[in-house]
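Notes follow once the structure below has been shown.
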Amino acid sequence: MDEHLSVGPVGSTFFGQTLEQHLLHMQRQQAGATGDFTGLFHQIALAAKIIASQVSKAGLANILGLTGDVNVQGEEVMKLDVFANTTLVRCVQQGGHVCVMGSEEVAEPIPVPPQFPKGKYVLQFDPLDGSGNIDINASIGTIFSVHRRKTAGNGPGTLEDCLQPGRDIVAAGYVIYGSSNMFVYSAGQGVHGFTFDPAIGEFFLSHENLRIPKRGDTYSVNEGNYHKWSDGVRAWVDWIKKDEPSRSAYRLRYIGAMVADFHRTLLRGGIFAYPSDRKNASGKLRLLYEASPLAFVCEHAGGAASDGQQRIVDILPTALHQRTPLYIGSPDDVADALRFVG
Ligand code: P6P
């Protein structure tokens, strides 16, 4: 047969496998799958494409928006993280796949409006993490996690449905808006990365079965907090940036958006940390829609994630916006850190 007629990998095009084809292929592997999960992911991916489009012209919108709240196209100039939040809610709420949502941008759980069916999943997200990086054109991201509802029935979900530990996550992932836009997720069967082709408007599989190196050579922490840290955290940082008999000093990399710092750590190895300090006694990062989803992804790539005392995914949440210290990355690098801070 002519080679150009060959079928190629399952669900692939000339450009490789799209996210949608990948999800459909995974669905077919799950006996009894209803398509709910696939439908929810399609909505999350659509929201990601819309957010990516707006993020890519954020600077432009700011210039054009100088005349006030409405830019020259007559569009309302929204704060980008409010736009991202609204986009995710609008893309997901009508699909009938979730019973409740939780967002970094909204104080209380977000109910599904009465006119829409309620589904079996709970979606929580930080719609635009690191948004302070927007006006300096540095990478930012969206972080999300999916649980099954805990409360009985098929009515509206509740706060109880949101307050679930990372170990019960069904799927989690992030979108990084950077030099290229990538969608990275795990549903417990490996971690897979998809790169967005804006000319086609699709995410294509580019990083199948991502595995984090056992050890890296970079550490990522805001050293500006050095004098607010505990003695243990300071001792760890002093140690990691010194040459040791078995290894050279680690290099410091810190972008200031956790999605970007975590993505580099996932691909290259090393450790990202946001320790607690005198100002942030419980840490700065949020558990449910920042630390927990990334901990789930990291562990499914062979990495580790701890609050300094226990696995992030074992923490039982008690509040929607609770914070946690975070040490996440290569297993050997996280173990080293815990020897000092644990
Ligand atoms: P700092 C962004 O605001 C964020 O929530 C994370 O994405 C990032 O890792 C952290 O805060 C940066 O905090 O205190 O170093 O500016």
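Atoms within a ligand are numbered from 1 in the order they appear, just like the ligands themselves.
A distance-only check finds no donor-acceptor pair linking the side chain of Q54 to the backbone of I51 [under 3.5 Å]. Panel note: side chain K120, backbone R149; no donor-acceptor pair is recorded below 3.5 Å. No side-chain donor-acceptor contact under 3.5 Å links Y327 to the backbone of A335.
With 3.5 Å as the limit, one finds no donor-acceptor pair spanning the side chains of Y177 and N133.
Between R215 and D336, at least one side-chain nitrogen of the basic residue sits less than 4.0 Å from a carboxylate oxygen of the acidic one, meeting the salt-bridge criterion.
Closer than 4.0 angstrom to ligand 1 lie heavy atoms from D129, G130, N222, Y254, G256, A257, M258, F272, Y274, K284, L285, E290.
With sequence neighbours excluded, the residues forming a ring pair (Phe, Tyr, Trp, His ring centres under 6.0 Å) with F194 are H22, listed by chain and number.
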